[in-house]
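Data block below; observations after.
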Amino acid sequence: MPLKFGTSKAIAIAFGVLTVSSIGGMFTMIILFKAQTQNITMTPPPTLPPTTMAPPPDMRLPKSLVPQKYEIVLGNGSNPNITTPNQTMIFTGNSTVHFQCAQKTMSIFLNSRYLNVSSPVVLNENTKRNIKVSGMKHRDDESDFLELELMDPLETGGNYSLFLSFHGEVSDNLEALYLSRYTDDLNTLSLSIPCMLRFIAATNLQPTDARKVFPCFDEPDMKAVFKLTIIHRRETRALGNAAPYGKNKFLYDEWQYTIFRATPKMSTYLFAFAVVDDSFKSITSPSSDTDRNCVHFFVISLDQLALPDLYPAAMENWGLITYQEGFLLYQEGVSSLLHKEDIATVIAHELAHQWFGNEVTMKWWNDLWLNEGIATYLSYIAVDSVEPTFNIKEISIMNDLHDAFREDALASSHPLSPASKEINTTDHILGMFDSISYSKGAIVLRMLANHVGEVVFNKGLQMYLKAFQYGNVEKDDLLKYIQMAATQNRGNKAVRNTDDIAGFMNPWTTQSGYPVITINTTNGQVYQKQFLFNNSANSSHWLKKQTNKKNTRFFTKNGEWILANINCIGYYRVNYNPENWERLLAQLQKNRHSIPLLNRGQLIDDAFNLARAKLVNVTLALNSTLFLTKETEFLPWESAVRNLEYFILMFDRSEVYGPMQTYLREQVRELYNVFKNDTDDDRVPQNDHSLQYTQLLAIKLACSNGLPECVEMAKQKYAAWMERNNTNSIHPNLRSEIYCQAVAAGEKEEWEFAWDMYQTSSNTSEKEQLRRALSCTKKIWLLSRYLDYTLDPEKIRLMDVASTIYYIAQNSAGQALAWNFIRANWDYVSQGDGAMLIAGVTSRFSTEFELEELMRFQNYDLGGASRAVSLAIEQTQVNIQWVKENKDDVLRWFEQKTSSVRQKEY
Ligand SMILES: *[C@@H]1O[C@H](CO)[C@@H](O)[C@H](O)[C@H]1NC(C)=O
Ligand SMILES: *[C@@H]1O[C@H](CO)[C@@H](O)[C@H](O)[C@H]1NC(C)=O
Ligand SMILES: *[C@@H]1O[C@H](CO)[C@@H](O)[C@H](O)[C@H]1NC(C)=O
Ligand SMILES: *[C@@H]1O[C@H](CO)[C@@H](O)[C@H](O)[C@H]1NC(C)=O
Ligand SMILES: *[C@@H]1O[C@H](CO)[C@@H](O)[C@H](O)[C@H]1NC(C)=O
Ligand SMILES: *[C@@H]1O[C@H](CO)[C@@H](O)[C@H](O)[C@H]1NC(C)=O
Ligand SMILES: *[C@@H]1O[C@H](CO)[C@@H](O)[C@H](O)[C@H]1NC(C)=O
Ligand SMILES: *[C@@H]1O[C@H](CO)[C@@H](O)[C@H](O)[C@H]1NC(C)=O
Ligand SMILES: [Zn+2]
C-alpha cells in the first residue's frame with residue numbers, strides 16, 4: 001500500500017490498465033446469510049471438551065506445519081438482502097487447508113479472529129484416514145491462535161488436510177471483509193427516484209486481517225495456493241485474485257457460484273475478493289500514451305478496482321489491486337493537473353508490488369522496507385520514465401528525504417530492519433508502516449543504486465526476483481544479489497563500487513537514525529555523529545572522527561566555499577563552520593544557480609534542522625531564506641515553507657506571529673506577481689508541473705500571510721462561484737487553495753456553501769478539495785460543528801475521518817478543539833489512522849501543560865497508535881525546550897527584517 005493519504009482526489013476515467021468502476025444500476029449483494037435472528041457472539045468459538053494444550057511457543061506460529069493449498073468456499077447464504085443496511089450481516093464459509101508436516105506434532109496452530117469456527121476434520125492424505133481432534137480452542141490474546149489438539153500425532157513428512165466451517169460478521173469499518181456504500185446518482189437522475197444507497201463487499205487484509213475472513217496460517221512466509229469459490233446473488237459479480245473459470249455461470253436459485261482458478265503461491269495478506277454490482281464496467285483500453293507506456297514498463301495485466309471506501313489509498317492484492325476512487329480516477333478539466341502525478345505514482349507503486357512484495361515477499365514484517373521501500377523507489381523511476389515532465393524524481397525524493405529525516409531524528413525511531421523478534425504483535429506490525437519503511441527505505445535504496453551504479457542495481461534486482469520467485473527474503477538476500485551483480489560486472493564503466501556492499505549498507509539498515517557530517521574548512525577537519533533533535537540524547541551510533549591530514553580538500557582560501565553531498569545522494573545532513581555557511585548563503589544571494597537545485601532546497605532544510613538540534617544559531621536558518629525573493633523554483637521554496645511550518649506551529653499563538661507574517665508576505669510578493677496574471681485569469685503555466693506547483697505555493701503563502709491582492713482574488717473567485725452556483729470557472733489546479741482561503745476569510749455563508757457543495761457533489765476531486773476547505777474557517781463554532789460531523793458516516797466517510805480531523809487540527813483555531821475531540825471519541829475516530837490523528841493534533845504542543853495531558857493520554861489502550869504517542873511525547877519535550885531557547889532571537893530577527901516594511905506601512 002502507499003503510505004501517504006492524498007489531499008486531493010479526482011473522479012472519472014483516463015487511467016487504468018483494466019479498470020472496474022462504478023456506473024450504477026440495480027444492485028443487491030452477496031454472500032450474506034439468512035437475516036440473522038439469533039445474536040451470535042463472535043470471539044469465543046464453540047469449544048469441544050477442554051483439553052490441556054501444549055504451552056504456546058510465542059506470538060509466532062510454530063513452523064512444524066507448512067501450508068500448501070487452501071480451498072475456500074464463502075457465501076453459503078440463503079436470503080441475503082441488504083437493502084436494509086443495518087441488519088447484522090453474517091458471512092459463512094468453509095475451508096480446507098492442505099499442509100505438510102515438517103516436524104512431528106500433536107497440535108495444529110492457526111490464526112483466527114472474530115470467527116466462529118466449528119466442525120474440524122483432520123485427514124491424513126496419504127492414508128485417507130481421519131485423525132480425531134480432541135480439543136479446539138481460541139486463545140484470547142494478541143496471538144489470535146486457534147489451537148487444535150489431536151488424538152494421534154502428525155508425522156514428519158506426512159501430508160494432511162484440515163477442514164473447518166466458520167462464520168463471521170461483515171465489518172462496517174473498512175477492515176477484513178467490509179461493506180462499502182455509495183449512492184447511485186446516475187440512477188437518481190434518470191429515474192427521478194431518491195438517491196439509492198448501494199453496497200459493495202470488499203476485502204482489505206494487510207497485514208493481519210486474513211484471519212478475520214478464514215482461519216489460516218497468517219504469516220507472510222507461510223505462502224500457499226488459494227482456490228476460492230464465492231456464492232453471491234445472480235445480479236452481482238465477484239472478483240478475486242485469479243480469473244474465474246469459464247464463462248458459464250453456475251446458477252442455483254437466486255445464486256451464482258463463481259469459482260476462481262488457483263492463485264500463484266502467495267502470502268495470506270494478499271488474498272482478496274470483491275462482490276460488486278453487475279453494472280460495474282470494465283475498462284480495458286488505455287486512453288493515453290502514459291497508460292500505454294505504463295503498461296509496457298511493467299508488462300502486466302490485472303484488475304484494478306476503484307472503491308468508494310478503502311483505507312489506505314490502495315492495496316496491492318495479487319491480481320486485484322484496490323484503490324480509493326481518488327487514487328485511480330482522473331477527469332480532465334475537473335481534476336487538478338497535479339493530481340495526475342499522485343495517481344500515476346500510486347498505480348506505479350502498486351504495480352511494482354506485484355513483483356516486490358507479491359512474488360518476492362519479506363520473511364517477516366520487520367523487513368517491510370523490502371516491500372515498501374523498493375515499491376516506493378521504483379514507482380518514481382517508472383513514472384519518470386513514462387512522464388519526464390512531472391519531474392517526479394526530484395520532488396518525490398525531496399519529500400521522502402524530508403519525511404525520513406524528520407522521523408529518524410528522534411531517539412525513539414527504529415532501524416530500517418529491526419530484529420524480527422522485536423516485531424511480534426499486530427500493533428508492532430502496524431507500527432512498521434511508517435516513514436522509515438517507505439521513505440527511508442526508498443532513500444537508502446537510491447543511495448545504494450548510486451553507490452554501485454544503476455546497471456548493477458537493476459541487474460541485482462532482476463537476479464533477486466528470479467532467485468526468490470514465490471518465496472521469502474530478508475535484507476541480506478537483497479544485498480547478496482546486488483553484490484553478485486556487482487562482482488559479475490566488475491570492469492564495466494558504468495559500475496562504481498563493487499566491494500563489500502553488505503558492509504556499506506549494514507549501518508544504514510541496522511542502526512536507527514542518520515549522521516550529520518561536520519566539515520571545518522579552516523582546519524580541514526571532518527567528523528560525524530548521529531543527528532538527533534534532542535541533542536542531549538546519548539548515542540554511539542554513527543560516531544566517527546577523522547582528521548584529514550593528507551587530504552586537504554577541505555581547506556579553503558579567501559572567499560571559496562565548499563558544498564558537500566551534491567544532489568543529496570547521501571542520507572545524511574551536513575554542517576559547516578560559520579565562515580563556510582556565510583559564504584554559501586552569500587553565494588545563494590549573489591548567484592544561486594552555481595548551487596544545484598536539490599542542494600538549494602537541502603541547504604535550507606539542513607540549516608533549519610541543525611538549528612533545531614542546536615548545532616547552529618537559529619538566525620542562520622532564517623538567513624537561509626533571504627535569497628528566496630529571487631527564487632522561482634519549487635524545491636527551495638517548498639523546503640522553506642515546510643521548515644517555516646514548524647515556526648508557524650510553535651509561534652502562531654504568540655507575538656512572534658505578526659512580524660513573521662509580515663516577513664513572509666514580503667518574501668513571497670514577487671513570486672506571487674510572477675503568476676498573478678495567470679492566476680487572475682484562471683490559467684496555469686502550461687506543461688510544467690514544477691511551475692504549477694510553484695504557482696500554488698505562491699497563492700497559499702501569499703494568502704495565508706495576508707497579501708491583500710491574494711485574499712481579494714480568492715474572495716472574488718469564490719463569490720463568483722457562489723453567485724453562479726453550478727458554474728465554477730476556477731481552474732482545477734487552483735481550487736483547493738482558493739476554496740480554503742475564501743472560507744478562511746469568509747463568514748458562515750461561505751462555509752455553508754462549501755458544505756452544501758461537498759454534500760451534493762459526486763465528484764471525488766471536488767469533494768476532497770471542499771473537505772479540506774471546510775477546515776480552514778477561523779470560526780470556532782463552525783469547526784466544532786465540523787468535528788461533530790466526523791462522527792456521522794453519512795456526512796464524513798470513515799476513511800476520511802482521520803484526515804479531516806488532521807486538517808482541523810492544523811488550523812490554529814481548531815487545534816485545541818480537535819485534541820479534546822479525539823480524546824472524547826477515540827474508539828471511533830482512531831479506526832482509520834490513529835497515528836495520523838496523534839501527529840496532527842499534537843503538532844503545536846509546546847507547553848508543560850500539553851505535555852502532561854499527552855502523558856495522561858498514553859495510559860489509554862491506544863492500539864497501533866501507541867508508538868505515535870511516544871513519538872509525540874518526545875517531540876513535545878523537544879518543542880518546549882526549543883521555544884524557550886529561540887523565541888527571543890526569532891522575534892528579534894523578524895522584527896529587524898520587517899522594520900523597514902512597518903515604517904512604510906505606518
Ligand atoms: C462448504 O460449503 C459449501 C457451500 O455452502 C457446501 O456446498 C459444501 O458442502 C460445504 N462443504 C462441506 C464439507 O460441508
Ligand atoms: C429484500 O427486501 C426488499 C425490501 O424490503 C423486499 O422487497 C425484497 O422482496 C427482499 N428480497 C428478498 C430476497 O427477500
Ligand atoms: C437502523 O439503525 C438506525 C440507527 O441505528 C435505527 O434508527 C433504525 O431503526 C434501524 N433500522 C432498521 C431497519 O433496523
Ligand atoms: C515482543 O517484542 C517485545 C520487544 O519489542 C519483547 O519485549 C516481548 O518479549 C516480545 N513478546 C513476545 C511474546 O515475544
Ligand atoms: C574550525 O577550526 C578552527 C581552527 O582549528 C577552530 O578554531 C574552530 O573552532 C573550528 N570550528 C568548528 C565549527 O569546529
Ligand atoms: C544567535 O545569534 C544572535 C545574533 O545573530 C545572538 O544574539 C544570539 O545570542 C545567538 N544565540 C546563541 C544561542 O548563540
Ligand atoms: C544572519 O545574517 C545577518 C546579516 O543579515 C548577520 O549579521 C548574522 O550574523 C547572520 N547570522 C548567522 C548566524 O550567520
Ligand atoms: C500582466 O498584465 C498586465 C496588465 O495587463 C501587464 O501590464 C503585465 O505586463 C502582465 N505581466 C506579465 C508578467 O505578463
Ligand atoms: Zn506499498
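Counting starts at 1 for both ligands and their atoms, in listed order. Values below: all heavy atoms of this structure, side chains included; hydrogens, waters and symmetry mates excluded. Only a predicted model underlies this, so the values are computations on that prediction, with no experimental measurement involved.
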### Query
Would a 4.5 Å heavy-atom cut-off, applied to side chains only, mark F504 and M447 as touching?
yes
### Passing candidate, side chain to side chain donor-acceptor pair (under 3.5 Å) with W893, options T898, N623, D888, N886
N623
### For atom 1 (C) of ligand 5, the protein heavy atom that lies nearest, with its residue and separation
N520 ND2, 1.4 Å
### Query
Nearest protein heavy-atom contact for atom 5 (O) of ligand 5: which residue, which atom, what distance?
N523 ND2, 3.1 Å
#### Entry: Test item: protein heavy atom less than 4.0 Å from atom 14 (O) of ligand 7
yes
### Task
Pick out which of T521, L585, I595 makes a side chain to side chain contact (heavy atoms under 4.5 Å, CB included) with W561.
I595
### Message
Determine whether any protein heavy atom is located less than 4.0 Å from atom 7 (O) of ligand 8.
### Response
no
#### Entry: Under 4.0 Å to a heavy atom of K897 - the qualifying atoms of ligand 7, by number
5 (O)
### Message
Closer than 4.0 Å and a protein heavy atom, does any atom meet both conditions relative to atom 10 (C) of ligand 8?
### Response
yes
## Note on the structure
Of Q661, E666, R669, E712, the one forming a side chain to side chain contact (heavy atoms under 4.5 Å, CB included) with L707 is R669
## Note on the structure
From the list D680, D678, T679, side chain to side chain donor-acceptor pair (under 3.5 Å) with K676 holds only for D680
#### Entry: Minimum non-hydrogen distance to atom 3 (C) of ligand 5, winning option of N575, N577, T518, T522
T522
#### Entry: E874, K614, R612 screened by side chain to side chain contact (heavy atoms under 4.5 Å, CB included) with F533, the one that passes
R612
### Message
Regarding ligand 7, does N623 bring an N or O atom to under 3.5 Å of one of the ligand's N or O atoms?
### Response
yes
#### Entry: Distance from atom 2 (O) of ligand 8 to nearest protein heavy atom, with residue and atom
N677 ND2, 2.4 Å
### Query
Does a side-chain N-to-carboxylate-O contact under 4.0 Å join D403 and R642?
yes
### Message
If the cut-off is 4.0 Å to any non-hydrogen atom of T619, which atoms of ligand 7 fall inside it?
### Response
11 (N), 12 (C), 13 (C)
